[in-house]
Amino acid sequence: EDQVTQSPEALRLQEGESSSLNCSYTVSGLRGLFWYRQDPGKGPEFLFTLYSAGEEKEKERLKATLTKKESFLHITAPKPEESATYLCAVRRGSYIPTFGRGTSLIVHP
Amino acid sequence: DAGVIQSPRHEVTEMGQEVTLRCKPISGHNSLFWYRQTMMRGLELLIYFNNNVPIDDSGMPEDRFSAKMPNASFSTLKIQPSEPRDSAVYFCASTPQGANNYEQYFGPGTRLTVT
């Protein structure tokens, strides 16, 4: 059974304090790892797809990396508006993804 | 593009009543997903349609839940009869056609409260 574990469950940062969120996964035949951002009261918003170990993608102050066992979402010098829950999901074979429980990020001004 | 549209945004009903949630996917997307999100269980996939055909409904909790997709632009999720444990936020998501494009576009969700 596919498993996705995100850590930490919650993270509080000061504005400008860089950090990383972790997504550990157990899946045979990974066909994609996805990062989403979810703001309170809204649906998840797609950020990145990573397909193979060693791959990296960047978007503004976010950078996602992938190894054979985990993915990291690095946030550089975060701003309060980047406070949200960040979700990780994995997919194998079919379209059906398995989501982690998410990391709730709060960035204080 | 208007994005994925869901209605209603909020629904409060009494136990035993029928509830129907509605979704309009993004035009041109050929896959549609219904999810349920709770604090306890996170985001759970309920059912997945491809080209209007249900492909996997193994996440549907029990026979009280049913979903239909009569055409490419409309889907419903029905709960009959509803129970308090069905209280959750229900999301609909769609995916564009293409072998290498699996990103999902989520709607704003329907917050269901069953009293």
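Only this structure's heavy atoms are used, side chains among them; waters, hydrogens and symmetry mates stay out. Just so it is clear: chains get the letters A, B, ... in the order the sequence lines come, proteins before strands, and each one is counted from 1.
Under the 4.5 Å side-chain criterion, counting only non-hydrogen atoms from C-beta, A/Lys42 is not in contact with B/Phe91. Using a 4.5 Å cut-off on side-chain heavy atoms (C-beta onward), A/Pro97 and B/Tyr35 make contact.
In this structure, A/Thr98 OG1 and B/Leu43 CG are separated by 10.5 Å, a value rounded to the nearest 0.5 Å.
Side-chain rings of A/Tyr36 and B/Phe106 approach one another, their centers coming within less than 6.0 Å.
Heavy-atom contacts from other residues, nucleotides or ligands closer than 6.0 Å to CD of A/Glu15 number more than 12. Within a 6.0 Å radius of CG in B/Asp63, other residues, nucleotides and ligands contribute 12 heavy atoms or fewer. For CZ of B/Arg111, the number of neighbouring non-hydrogen atoms (other residues, nucleotides, ligands) closer than 6.0 Å is 12 at most. At most 12 non-hydrogen atoms from other residues, nucleotides or ligands lie less than 6.0 angstrom from NZ of A/Lys79.
In the hydrophobic clustering of this structure, A/Leu47 groups with A/Tyr25; members are Ile, Leu, Val, Met, Phe, Trp, Tyr whose side-chain heavy atoms approach within less than 4.5 Å, directly or through other members. Linking Ile, Leu, Val, Met, Phe, Trp and Tyr whenever their side-chain heavy atoms come within less than 4.5 Å puts A/Phe48 and A/Val27 in one cluster.
With a 4.5 Å cut-off on non-hydrogen atoms, B/Leu45 touches chain A through its side chain but not through its backbone. With a threshold of 4.5 angstrom between heavy atoms, A/Glu45 does not approach chain B through any atom at all. With a threshold of 4.5 angstrom between heavy atoms, B/Gln37 approaches chain A through side-chain atoms but not through N, CA, C or O.
Contact between A/Phe34 and B/Glu103 at its shortest, heavy atoms only, is CE2-N, 4.4 Å.
Judged purely by atom type and a 3.5 angstrom limit, A/Arg101 uses its side chain to pair as donor or acceptor with the backbone of B/Met39.
Partners of B/Arg41 under the side-chain hydrogen bond (donor to acceptor under 3.5 Å, both in side chains) rule, at least two apart in sequence or in another chain, are B/Glu44.
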